[in-house]
Q: 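I have a structure here, written as structure tokens, and I will follow up with some questions on it.
Proteins come first, then strands; the chains are lettered A, B, ... in the order of their sequence lines, and each starts at number 1.
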There are 2 protein chains.
Amino acid sequence: MRSGRAPTLEDVARVAGVSRATVSRVINGIRNVDPQLHEVVWDAVGQTGYVPNRLARSLVTRRTGTVALVVSDSEAHDDDPFMSRFFADPYFGRVVGGLMSVLRREGVQLALQIVGTDDAKKRLVGDLRSGQADGAVVLSLPAVDPLPRMLTDGGIPAVLIGRPADPVPIDYVDLANDTGAALAAEHLLARGCRRIGMISGPADVPASLDRISGFRRAMARHGHGWFPTASGNFTQDSGEAAMRALLAQDPALDGVFVANDLMALGALLALRSTPQSVPDDIAVVGFDDSSAATAAAPPLTTIRHPLEDMAAEAARLLLARVEDPAMQVSSVIYEPSLVRRTSA
Amino acid sequence: MRSGRAPTLEDVARVAGVSRATVSRVINGIRNVDPQLHEVVWDAVGQTGYVPNRLARSLVTRRTGTVALVVSDSEAHDDDPFMSRFFADPYFGRVVGGLMSVLRREGVQLALQIVGTDDAKKRLVGDLRSGQADGAVVLSLPAVDPLPRMLTDGGIPAVLIGRPADPVPIDYVDLANDTGAALAAEHLLARGCRRIGMISGPADVPASLDRISGFRRAMARHGHGWFPTASGNFTQDSGEAAMRALLAQDPALDGVFVANDLMALGALLALRSTPQSVPDDIAVVGFDDSSAATAAAPPLTTIRHPLEDMAAEAARLLLARVEDPAMQVSSVIYEPSLVRRTSA
DNA sequence: CTTTCGTTGGAGAGCGCTTTCCGAGTCTGC
DNA sequence: GCAGACTCGGAAAGCGCTCTCCAACGAAAG
């Protein structure tokens, strides 16, 4: 097969016997080109196996047809295995899947970027500003993250998945985490549970915070101003430990809301080595409706989190903002729903 | 903050009072520059907030600092939800995590590409040839895929994860799937199982094929030339169905090897509604040691598949080939191991 | 004091593409 | 039959960068 240098516009022009400009016009479907030549040019393209060089094109058009998926981490994790845990989590894949479902049919590519240090974030913004990508979808993990602000200051089209920790005029999609947690509380209460505990996530990231406050509010509304709590870091192991801690606080617990499915899996595991059975003695409600939920034994009653849809919406929002940078800043909040399975 | 046009080399040169060439030399750390000027230039860089334009740089250096992660699918799936299932699977995330663990510290970026149709594959090769990325890591899903050959023909540095279906002179990393399956067979046999069945994956993809043949061979070696089989498509649901089918063939089964953990989860689910208990009446061995294995009830005995390590090795291999395209084609095969948990 | 060499920095070409600007044709309408 | 309006295609100027080539200069050598 043809090897060596890839054919350029110039080559096609030579073969077709026209100028570079004309070939460019034909390729980009610009009017003002004689149908005759049109055909001649396409023939030449076929003959030479020409493929436009995206780099060169982007350099002049200032459009890359690429968006970045930025995973913004904190400095602290820079070299620990946290990241690999993050990728193994279904969360990441669901986001990518959702994004790709819309980007793909627009012919837009996704470039993955991981930034930990502030320095890396600065570099990222610089790269983005110089046209490395048309925009960014941001997954901001740390509790407090300068990146969203940097992005807006730099004038970079960007959409967050999950609300920013501090108010920044930036587009985002999020889940009504508080409503979801309230749903869980009400389900547990309606089921007749009287001694309910909660296993929460870290107390500093927005999504986790919202689940805590939503649950707390709903419980208070039903007269449970206080309830035992333990917290984990969204991993299965931490959920298992938290369940034990909770049981130590109140061995007669008859219901527990766990802030994500992975930790709920851990909780279920911990419960398996106690006399209590799920859901008869103690009901368990998870959060996310991830694949772990159906895999669990017993299958987890959980709060559905339409992450794919949210990611898809984020992609759409980003594309729209790229198209019209002056567009009004907007956010779209998804409503969670309760998925009843066996565990509660 | 400074907005509008991003500063260019030209701007820095003007501020520093030197020529573009000199700034370029300083930035790229080329010697032959008076330490005095060196400092002046860096000052100017700081002042202007200059960040080199990667596009422009790549255009001339023919190096992008980006590798593509190509998910090669078949035309058939082009518009069905298969892809989103694929992303939700821990498999994808583990690969990304493994790749990033090495790419990140080399400052190399990952660009995600999904190609279904032959046309898209052709376009991809063209893009790659014209320097869109320095190389590609390929996840080839379909049973028979023209992409690997296209890549080598196009002279694109590429590494497959999982062996190609038909022999192609291309680098790849793979797992000794047959050995893993044999491990499972031997474990089941050593445990005293006499009526063993297998739930396999699709009969046309290499990894699945190897697991089937490895298991079959090991069983034959121990006098079990025939055993009941059912097949699924690597999803939990299909595993559940396959388990029922197997039980219908032989209700007295006392052991089953399931070709991946997700299907094993399904099998466990199916067994929960039968009188048999796992592992006492029937032992179950999975494959992959994915996060699903520990989440299962009972926790799954399974074959460990060091996917992160394999992906990391693929990244290293690719980087090496990019550096030296003439390097000899090589493949590295990882050895699986048995992880004993409770299910067998 | 001239020659030679090594060092340093500038000019400028060129990576492959798009796009503005023009000039050369082609058509109408009077 | 010719001005004016259009259509079409080419020349060429960049996009922001790297890197080769060369001029200039100072120092070392003869």
Q: Grab the CG-P distance between B:Asn28 and D:dC17 for me, whole Å please.
A: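 Taking CG of B:Asn28 and P of D:dC17, I get 10 Å after rounding.
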Q: Please work out which of the three classes, parallel, tilted or perpendicular, describes the rings of A:Phe87 and A:Phe92, given edges at 30° and 60°.
A: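 The rings of A:Phe92 and A:Phe87 stand perpendicular, inter-plane angle above 60°.
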Q: Looking only at side-chain N and O atoms, does B:Arg63 come under 4.0 Å of OP1 or OP2 in D:dT18?
A: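 The answer is no; no side-chain N or O of B:Arg63 sits under 4.0 Å from OP1 or OP2.
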Q: It should be established whether A:Asn53 places a side-chain nitrogen or oxygen under 4.0 Å from OP1 or OP2 of nucleotide C:dC15.
A: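 No, A:Asn53 has no side-chain N/O under 4.0 Å of OP1/OP2 on C:dC15.
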Q: For A:Leu9 and C:dG16, what is the distance between atoms CG and P respectively, to the nearest whole Å?
A: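 After rounding, the gap between these two atoms is 10 Å.
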Q: Side chains of A:Val159 and A:Val138, heavy atoms from C-beta outward: is any pair under 4.5 Å?
A: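 A:Val159 does not reach A:Val138 side chain to side chain.
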Q: Donor-acceptor check, side chain of A:Arg321 to backbone of A:Gln328, threshold 3.5 angstrom: yes or no?
A: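 Answer holds: yes.
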Q: Please give, in whole Å, the distance from D:dT18 C1' to B:Leu59 CG?
A: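 After rounding, the reported distance stands at 10 Å.
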Q: Just jot down the side chain to side chain contact (heavy atoms under 4.5 Å, CB included) partners of B:Thr8, sequence neighbours excluded, or say none.
A: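 If we apply the side chain to side chain contact (heavy atoms under 4.5 Å, CB included) test to B:Thr8, skipping adjacent residues, the hits are B:Arg5, B:Glu10, B:Asp11.
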Q: Flag the pair B:Arg63 and B:Glu323 as a salt bridge only when some basic side-chain nitrogen lies within less than 4.0 angstrom of an acidic carboxylate oxygen.
A: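 Here B:Arg63 pairs with B:Glu323 in a salt bridge, since their nearest N and O are under 4.0 Å apart.
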Q: What is the distance, to the nearest angstrom, from the CG atom on A:Asp11 to the C1' atom on C:dC15?
A: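 Roughly 13 Å, once rounded to whole Å.
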Q: So does A:Arg123 pair up with A:Asp119, basic N to acidic O under 4.0 Å?
A: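 Result for this pair is yes, salt bridge flagged.
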Q: Donor-acceptor pairs are to be reported for all side-chain atoms of residues 144-151 of chain A against protein atoms at under 3.5 Å, with residues two or more places apart or in another chain.
A:
from     : atom 1 : to       : atom 2 : distance (Å)
A:Asp145 : OD1    : A:Ser72  : OG     : 3.4
A:Asp145 : OD1    : A:Lys121 : NZ     : 3.0
A:Asp145 : OD1    : A:Leu147 : N      : 2.9
A:Asp145 : OD2    : A:Ser72  : OG     : 2.5
A:Asp145 : OD2    : A:Ser140 : OG     : 2.8

Q: Please tell me which of the listed nucleotides, D:dT18, C:dC17, D:dG16, lies nearest to the side chain of B:Ala56?
A: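 Closest of the options to the side chain of B:Ala56: D:dG16.
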Q: Out of C:dC17, D:dT18, C:dG16, which has the shortest distance to the side chain of A:Pro52?
A: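 So the nucleotide nearest the side chain must be C:dC17.
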Q: Could you tell me how far apart A:Gln132 (CD) and D:dG16 (P) are, to the nearest whole angstrom?
A: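 So the two atoms are 15 Å apart, to the nearest Å.
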Q: Atom CZ of B:Arg14 to atom P of C:dG10: distance rounded to whole Å?
A: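 Rounded to the whole Å, the gap is 14 Å.
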Q: Can you pull every protein N or O that's under 3.5 Å from an N or O on nucleotides 12-14 of chain C?
A:
from   : atom 1 : to      : atom 2 : distance (Å)
C:dA13 : N6     : B:Arg20 : NH2    : 3.2

Q: Is A:Arg25 side chain donor-acceptor paired with the D:dG10 base, going by distance under 3.5 Å alone?
A: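 Answer is yes: a donor-acceptor pair is held.
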Q: Starting at CD of A:Glu10 and ending at P of D:dA11, how long is that distance when rounded to a whole Å?
A: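 Atom CD in A:Glu10 sits about 10 Å away from atom P in D:dA11.
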Q: Base, sugar-phosphate or nothing for B:Thr22? Non-hydrogen atoms, less than 4.0 Å.
A: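 Sugar-phosphate: the residue B:Thr22, judged by heavy atoms under 4.0 Å, touches backbone atoms but no base.
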Q: Tell me: CZ of A:Arg57 to C1' of C:dT19, nearest whole Å?
A: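 One finds 13 Å between C1' of C:dT19 and CZ of A:Arg57, rounded.
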Q: Given C:dC17, D:dT18, D:dC15, which nucleotide is nearest the side-chain atoms of B:Ser24?
A: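 Nucleotide nearest to B:Ser24's side chain: D:dT18.
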Q: Going by the rule side chain to side chain contact (heavy atoms under 4.5 Å, CB included), which residues pair with B:Ser101 if we only count those two or more places apart in sequence or in a different chain?
A: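 Partners of B:Ser101 by the side chain to side chain contact (heavy atoms under 4.5 Å, CB included) criterion, ordered by chain and then number, come out as B:Ala312.
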Q: Could you list all the salt bridge (charged side-chain N to carboxylate O under 4.0 Å, His left out) pairs where at least one residue sits in residues 41-51 of chain A, not counting sequence neighbours?
A: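 Sorted pair list comes back empty.
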Q: By nearest heavy atom, map B:Ser19 and A:Ile27 onto DNA chain C; which one lands nearer the 5' end?
A: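 In this pair, the answer is B:Ser19.
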Q: Return the minimal non-hydrogen interatomic distance between A:Pro7 and A:Thr48, and the atom names on each side.
A: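 For A:Pro7 versus A:Thr48, the nearest heavy atoms are CG-O, 3.3 Å.
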Q: Identify all stems in which DNA chain D takes part, counting only runs of at least 3 consecutive pairs (Watson-Crick or G-U wobble, each distance under 3.5 Å), and give each as one range with another, ordered by first number.
A: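 DNA chain D stems, ordered by first number: C:1-30 with D:1-30.
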